[in-house]
Amino acid sequence: MANQIDIFWVVLAAMLVFVMQIGFLLLETGFTRSKNNINVAMKNIADFAVTTLLFWLFGYALMFGVTTSGLFGITEFMPELDVNRLDQAAFFIFQVMFCGTAVTIVAGAVAERVRFAGYMLISAIAAGIIYPIFGHWAWNGINLGMATGWLSSMGFVDFAGSSVVHSVGGWISLAIVLIVGPRIGRFDAQGKPQHIPASNLALATTGAMLLWFGWFGFNGGSSLAFNAVALRAFGNTVMAGSAGLVMGMFLGQLIYKRTNVDLLLNGTLAGLVGITANAHAVTLGQSVIIGALAAVVMYGGQMLLERLRIDDAVGAIPVHLCAGIWGTLAVGIFGDLQLLNTGLSRIDQIGVQILGIIVCAAWVFGTTMVIILVVNRITPLRVSPEDERVGLNVSEHNERTDLLDLIDAMQRQAETGDLSIRVPVEPFTEVGMFAQEYNHVMNNLEASQAEAERLREQELEARVAVENARLKSEFTSMITHELRTPLNSVVGYSGMMLMGVRGTIDEDARTMIQSVEDSGKHLLGLINDILDLDKLEAGQFTMHPAPVEMRRLVPEWMETMRVLADQKGLWLDAHFDAHFPTVMTTDSERITQIAFNLIANAIKFTDKGGVYMRLQTDATTWTLAVQDTGIGISAANQALIFDRFQQVEGFSQRQYKGTGLGLAIVKLLVEALGGQISVHSIIGEGSTFTAIFPLDSSAHLGRSHE
Ligand code: ADP
């Protein structure tokens with residue numbers, strides 16, 4: 001392999017293999033959660049650099065240096081590129097890329113829970129010791145066209161590394177996931193596997209395609225020359241990848257009744273891994289079978305891992321280990337014996353392939369287990385559960401993302417129940433838009449919560465008010481009943497004594513008994529007023545609207561009240577305006593109560609002149625006004641007299657008996673009839689009380705007081 005085109009081909013292939021690093025990066029970040037994506041990406045790029053340096057330092061020497069009994073190499077430490085042997089220089093570059101690939105497989109399997117530093121240590125051990133030693137056994141001498149490793153000298157064939165690269169990566173992965181354990185939440189308490197969502201399957205798909213692209217160099221370049229073998233390997237790689245994809249698709253339909261993304265992508269990669277060991281020695285038809293079966297083997301491996309509760313974050317073990325074993329075995333089953341050129345019969349070839357598979361398992365899995373168990377004892381590889389929850393982007397690199405900030409704020413809200421928390425809005429990003437909408441929702445939620453709170457309070461207040469009213473009327477009716485009975489006896493007996501039932505009584509005794517009777521009557525009046533008021537306020541006062549002939553009713557009032565007016569030498573008169581209707585719908589008993597109250601007050605507070613009642617109508621209302629020529633009410637007092645127990649201070653209280661409840665009752669009665677009452681008064685000249693009612697009061701009465 002000395003000609004320029006061969007060298008160019010190998011260098012080009014090396015570059016393609018590097019592209020696989022990008023493929024792995026995208027595939028793994030896409031398959032895992034975004035809270036870990038930065039960490040996954042960092043591991044992918046960093047392991048390449050670490051493995052490259054170590055492979056140059058001593059890995060390459062162990063793998064391709066002059067052998068000691070086919071076990072390990074002892075020359076070529078820190079090799080320099082020899083300008084006189086460009087083919088060897090190209091070979092070194094190509095192998096550096098290979099080593100990177102083997103190691104980077106591990107990053108995917110152990111993703112989302114292994115410390116960055118721990119992963120770097122694993123990479124170093126893998127690239128420095130584990131990979132090169134097995135590589136020596138299988139590949140030592142290939143750059144010189146010889147088979148000098150102990151496995152290859154027995155006829156073991158692994159063209160581009162189904163075992164050397166992929167199974168090695170897979171076995172290391174398996175050992176480490178066993179040591180660090182599954183991600184939190186991957187298996188539930190009963191051990192049932194739970195789906196941990198992928199963050200970006202389009203990205204994972206791009207990654208798979210880049211891997212496929214890089215694989216052309218991985219397999220095609222392994223011929224180490226631009227020849228028929230290279231082209232056959234290239235062609236078989238295209239076919240096997242496609243067959244793996246279609247089988248993955250088919251398995252998805254069969255098992256999940258839909259195209260399962262994991263199976264489709266990992267099916268493709270399994271197909272590629274499967275063809276890797278034998279790409280140079282099979283036909284296109286065989287490559288299709290190998291690729292398709294590789295996808296089936298991959299699915300079987302995946303099922304087995306789940307059954308054993310082993311968590312591989314991206315399916316790296318089923319793809320690289322299981323399909324790698326299959327590909328290595330397929331060399332013996334399908335490989336053209338002529339092309340394999342080992343001189344073995346098919347059975348023997350299969351036998352040595354199986355031996356290689358077992359040796360690979362024992363060396364790689366065994367060594368990794370021993371070393372990593374010790375390392376893990378000294379410094380745990382796994383992050384703390386809290387860090388795992390937060391995500392490795394933050395815990396390992398202190399890199400936040402807008403999404404993470406959003407989730408944090410939401411979690412804080414969930415924990416505190418504080419609806420006033422708003423999430424940070426990063427403008428111009430999708431997450432930012434989402435955050436903004438979330439804040440809108442929170443605004444609305446908070447507002448409606450406040451409104452609900454307000455309504456609840458209102459309802460409570462209303463309920464308390466109703467309960468208070470009930471207690472109050474119960475109390476009132478009890479008290480009044482208890483008082484009325486003895487008061488009736490007081491009034492009755494003192495009246496009888498005044499009438500002389502118990503014989504004549506002297507003047508002093510008469511004055512005293514008269515006072516007893518007056519006080520008793522006053523108290524009875526007060527009790528009746530309180531009862532009326534209470535009923536009115538509780539809305540229990542039933543109105544009985546009916547047609548009333550006012551022109552007959554009013555003269556009756558006049559006749560009754562004239563006795564009082566005559567006692568004080570006052571005139572009393574009533575006047576209807578011309579249009580006043582003969583029949584009016586109102587409650588005759590209540591309107592009488594109103595009129596008596598107003599006329600009695602007018603007489604009580606008038607000493608000369610008289611009292612005059614006027615009844616008027618206009619288009620929509622009718623008016624009952626009582627005017628007197630009495631003492632009048634000051635403006636300040638006019639505002640108060642309709643309140644309970646309000647009597648104008650000073651002389652009137654002593655001079656004129658009363659309870660201070662009359663006008664409060666009148667006002668409530670007027671309102672119960674749908675009307676309004678007002679007073680107009682001038683001190684020393686007299687007062688006018690005016691009650692205005694709607695003409696058609698029946699509707700109003702029916703509504704509020706029936
Ligand atoms: P009372 O039973 O004490 O009369 P009211 O509620 O009927 O109670 O009246 C309250 C107060 O309003 C009276 O004490 C009186 O001072 C004043 N008042 C009522 N009507 C008149 C009126 N026609 N002229 C002057 N003052 C009046």
Side-chain angles (χ1 to χ4, degrees), residues 476 480 483 487 491 517-537 541 557-558 560-575 590-615 623-673 675-692:
T476 316
T480 47
L483 288 177
L487 274 176
V491 172
E517 193 192 26
D518 284 353
S519 303
K521 279 182 174 165
H522 175 73
L523 278 176
L524 272 177
L526 180 67
I527 287 163
N528 286 335
D529 281 357
I530 289 175
L531 261 183
D532 276 0
L533 243 172
D534 206 59
K535 281 187 186 156
L536 276 170
E537 281 192 337
F541 216 85
W557 297 345
M558 292 298 124
T560 310
M561 300 308 284
R562 194 161 330 271
V563 187
L564 287 177
D566 285 350
Q567 278 175 6
K568 295 186 75 174
L570 303 172
W571 49 260
L572 177 64
D573 214 349
H575 176 79
R590 299 303 165 207
I591 199 80
T592 301
Q593 197 177 347
I594 293 166
F596 278 4
N597 238 301
L598 292 177
I599 296 168
N601 270 352
I603 294 171
K604 189 153 64 164
F605 298 104
T606 303
D607 294 327
K608 57 177 193 298
V611 177
Y612 176 59
M613 175 179 281
R614 230 172 41 237
L615 293 113
T623 306
L624 185 154
V626 176
Q627 186 176 2
D628 65 50
T629 54
I631 59 172
I633 310 163
S634 71
N637 288 329
Q638 284 172 33
L640 299 172
I641 52 176
F642 292 105
D643 292 344
R644 291 156 167 238
F645 299 110
Q646 282 297 335
Q647 292 177 322
V648 172
E649 293 283 327
F651 69 92
S652 66
Q653 215 168 345
R654 300 233 160 271
Q655 206 172 339
Y656 312 96
K657 290 174 197 159
T659 58
L661 285 175
L663 284 177
I665 293 171
V666 166
K667 183 167 187 274
L668 285 171
L669 284 171
V670 169
E671 282 168 2
L673 286 168
Q676 278 181 329
I677 187 162
S678 60
V679 61
H680 174 82
S681 181
I682 296 169
I683 291 280
E685 286 186 16
S687 315
T688 305
F689 285 82
T690 308
I692 301 177

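Note that ligands are numbered from 1 as they come in the structure, with each ligand's atoms numbered from 1 the same way. Values in this document were obtained by computation on a predicted structure and should not be read as measured data.
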- Message: Test your reading of the structure: does Asp628 have an N or O sitting under 3.5 Å from an N or O of ligand 1?
- Response: yes
Is any side-chain heavy atom of Phe689 less than 4.5 Å from a side-chain heavy atom of Ile633?
yes
Check: Phe605 N/O within less than 3.5 Å of ligand 1 N/O: no
Taking only non-hydrogen atoms of Ile633 and a 4.0 Å limit, the atoms of ligand 1 in range are 21 (C), 25 (C), 26 (N), 27 (C)
Non-hydrogen atoms of Phe642 versus ligand 1: any pair closer than 4.0 Å?
no
For the pair Thr623 and Arg614, evaluate side-chain contact (heavy atoms from CB on, under 4.5 Å) and give the outcome as yes or no after the intermediate values. CA-CA 8 Å; Thr623 306; Arg614 230 172 41 237; over 6 Å; no
Honestly, for Asn637 the part within reach of ligand 1 (heavy atoms, under 4.0 Å) is neither
ask   = For ligand 1, is there an atom lying under 4.0 Å from some heavy atom of Gly630?
value = no
Asp573 side chain to Tyr612 main-chain N or O, any donor-acceptor pair under 3.5 Å? no
Review point. Arg590 side chain to Leu669 main-chain N or O, any donor-acceptor pair under 3.5 Å?
Key: no
Side-chain (Thr629) to main-chain (Lys608) donor-acceptor, under 3.5 angstrom
yes
With a 3.5 Å distance limit and no angle check, can you tell me whether Lys568 reaches the backbone of Lys604 through a side-chain donor-acceptor pair?
yes
So the atoms of ligand 1 within less than 4.0 Å of a heavy atom of Ala602 turn out to be 23 (N)
